[in-house]
Amino acid sequence: MGETLIQKIMARASSKESVSPGEIVTCAVDLAMILDSGGPRKIWPRLEQLGVGVYDNEKVVVVADHFVPAADPQSAAILKLTRDFVKKFDIKHFYDMEGICHVLMAENGHLQPGMFCCGGDSHSTMGGAFGCYMAGFGAIEMSGVVVTGNIWSVVPETIKVDWSGTFGDGVAAKDIMLFLARELGMENAFKVVEYGGPTIREMSMMERMVLTNMAAELGAETGLIAPDEITLEAIRAGGTEPSEDALDWRSDDDATFCAEHSFDADTLAPQVAAPHKPSNSAPAEDYEKDKIHVDQAYIGACVGAKLTDLHMVASVLKGKQVKSGTRLMVAPSSKKIMTEAAADGTLATITEAGGMILPSGCGACAGLGAGIIADGEVCISSTNRNFQGRMGSNESLVYLGSPYTVAAAAVAGHIVDPRELLS
Amino acid sequence: MSAVTGKAWVFGDEINSDVMAPGIYFKESVEVMASHCLEAVDPDFASNVQPGDIVVAGRAFGVGSAREQAALSFAHMKVGAILAKSYARIFYRNMLNFGVPALVFPEADEISAKDEVTVDAIAGTVENKTTGKSYSVSPIPEHLMEMISMGGLMPYLKKKIDAGELKTGAMPK
Ligand code: SF4
């Protein structure tokens, strides 16, 4: 009988011939990514308590991205501790203020199809765009991984989601995910979502990563996309040679899925999620009659400020101005993206329109750094989550949209369908 | 790990990690973090919950982030057990790793705030002493039983490492 991609990955990681959904396996971890937020500051004391070190200083990757740059003494202390940890345990791969972790794994050739990876952050699912398992775990569990190099897992069932057709102008991968959060709900725990179909095959890696990143918003264990030539090119661009069997990592044609869905991108409209959850979404035009005033438009996070996202923003802003009474803030997902966007004129378009550029890092996305919002304020954001209090005050309201939709709201001063500003 | 009895605190569906552990308090100690746990949905909870109390919730409890503080806050307050209709994956794993039994409990609607509830996670029984109703639930998965009865992942690892049963890296000098 055919096997799904996740079955093949977990069989290899657990050194078994084959595994079935529901089976409990112990997997060897190929890469363990830990972060300033829940990494060294939580894990180091536990290593001391156990009197042991990390299982492999090549496989434990450390990223400082959540509290960068330090905005207060506590953040500075957390970052210093993170750097001290890297020295003490002789960690070979450390990214200090280079950008947001999930984007860095992709940019730097860390991910290969078939790998089994764990990350100390729920959006670690983003790595699944490379056809590998990468899922999020809490710091307590990452402590165990960093010590033993192993983790238990229940082999998940797979939900297959296929997209065909072509996006209209002003529609992006983010709209797929806000639509899917509504359609599939946020309760797909212990299941994997595998995306496929012609629309996905046409997408760049940066766009595919939006789908796997926000598999977390579906509550899924992770998101997966079978590798193709576009994947291999991205691995090479990160400075790594793809493994020889890279393209073999895919679900068999006769694999069993627990659910199969097909959707059409031709008819997909820009989507907006209202407070306080991503599944609370509707077409952007449905919000127009309420003229929802926007105090802040935020372009940021792992999911929403990659180069493709910044290009979307610039395409809306070109020759226009951010509405007075609304502020636009843009925090590119990584230093590399910042450099590329500076070189190709994208940043200039944004600042000429009145946008402000913030450092690369998690920042306001999780209420940790610059750009948080006050009681009663409304923010529309290209990030992935709008839980109550996520971006600052418990009494603030966060709407989610694609980079097109966020930029359009910045220009209009209220929530609009971005297609009106592109034509 | 024996049976626990406590007062029920009842929450709804899709209570997320960010209201359990708000990001703006991330840099603070466990004590401070826990004192803000769930304040956006029930401002009384963190100040009045007692050791052994039982948290009852609806679907997708803990949905969202990987932040262990969401689970650690409940462990820190010495919550006796969690009974929810369903859990978000990372939160569920975190709870068990901190040694707090989290059981799937489809009948969560039959428990009201302040009911006196007894939970036996090993036997897989729940008793609502206020209403007099008893339930059987799936106990904690067998492969995790040892870890949870030892108080969570850290005591479990410590024992295995001290017994020489686990291969690990060495602490640098
Ligand atoms: S940018 Fe936001 S969603 Fe992404 S890793 Fe940082 S805090 Fe998490």
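So you know, we letter chains A, B, ... as the sequences are listed, proteins then strands, and number each from 1.
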State, to 0.1 Å, how close [X] and [Y] come at their nearest heavy-atom pair, and which atoms those are.
X	Y	result
A:G138	B:N94	CA-OD1, 3.2 Å
A:L50	B:M154	CD1-CE, 3.5 Å
A:S122	B:G64	CB-O, 3.5 Å
B:S86	A:E187	OG-OE1, 3.3 Å

Between [options], which shows the greatest number of heavy-atom pairs under 4.5 Å with chain A?
options	result
B:K160, B:E68, B:K167	B:E68
B:P172, B:P141, B:A88, B:G23	B:P172
B:L144, B:L166, B:D162	B:L144

Salt-bridge contact A:E141-B:R89 (side-chain N to carboxylate O under 4.0 Å) | no

Evaluate the side-chain contact (heavy atoms from CB on, under 4.5 Å) criterion for residues A:V147 and B:I161: first the C-alpha distance (whole Å), next the side-chain angles of each, then the deciding distance (0.1 Å), finally the verdict.
-> CA-CA 10 Å; A:V147 167; B:I161 290 167; 4.1 Å; yes

Take A:F89 and B:M171, measure what side-chain contact (heavy atoms from CB on, under 4.5 Å) needs, and give me the verdict at the end.
-> CA-CA 8 Å; A:F89 293 92; B:M171 173 63 86; 3.8 Å; yes

Contacting region of [X] [heavy-atom separation from chain A under 4.5 Å]:
X	answer
B:A170	backbone
B:K173	backbone
B:Y92	side chain
B:I90	side chain
B:I24	both
B:P22	neither

Stepwise side-chain contact (heavy atoms from CB on, under 4.5 Å) test for A:F387 and B:V19 | CA-CA 8 Å; A:F387 295 148; B:V19 296; 5.7 Å; no

Winner by heavy-atom pair count (cut-off under 4.5 Å) against chain B, out of [options]:
options	answer
A:N394, A:I140, A:I78	A:I140
A:W152, A:F67, A:Y55	A:W152
A:M186, A:E221, A:K88	A:E221
A:M391, A:H276, A:Q388	A:Q388

Let me know if [X] has heavy atoms under 4.5 Å from chain B in its side chain, its backbone, both or neither.
X	answer
A:S75	both
A:D72	side chain
A:R390	both
A:A139	both
A:D121	backbone
A:L47	both
A:E217	neither

What's the spacing between B:S65 OG and A:H123 NE2 if we round to 0.5 Å?
-> 8.5 Å

Nearest 0.5 Å please: distance from the CZ atom of A:R41 over to the NZ atom of B:K27.
-> 9.5 Å

Could you walk me through whether B:K158 and A:E48 pass salt bridge (charged side-chain N to carboxylate O under 4.0 Å, His left out), step by step?
-> CA-CA 11 Å; B:K158 178 102 188 108; A:E48 294 284 353; over 6 Å; no

side-chain contact (heavy atoms from CB on, under 4.5 Å) assessment of A:V52 paired with B:L157 = CA-CA 11 Å; A:V52 298; B:L157 284 177; over 6 Å; no

Above 12 or not: heavy atoms from other molecules or residues under 6.0 Å from NZ of A:K277?
->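 Incorrect, the count does not exceed 12.
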
Are the side chains of B:F26 and A:Q74 in touch, meaning some heavy atoms are under 4.5 Å apart?
-> no

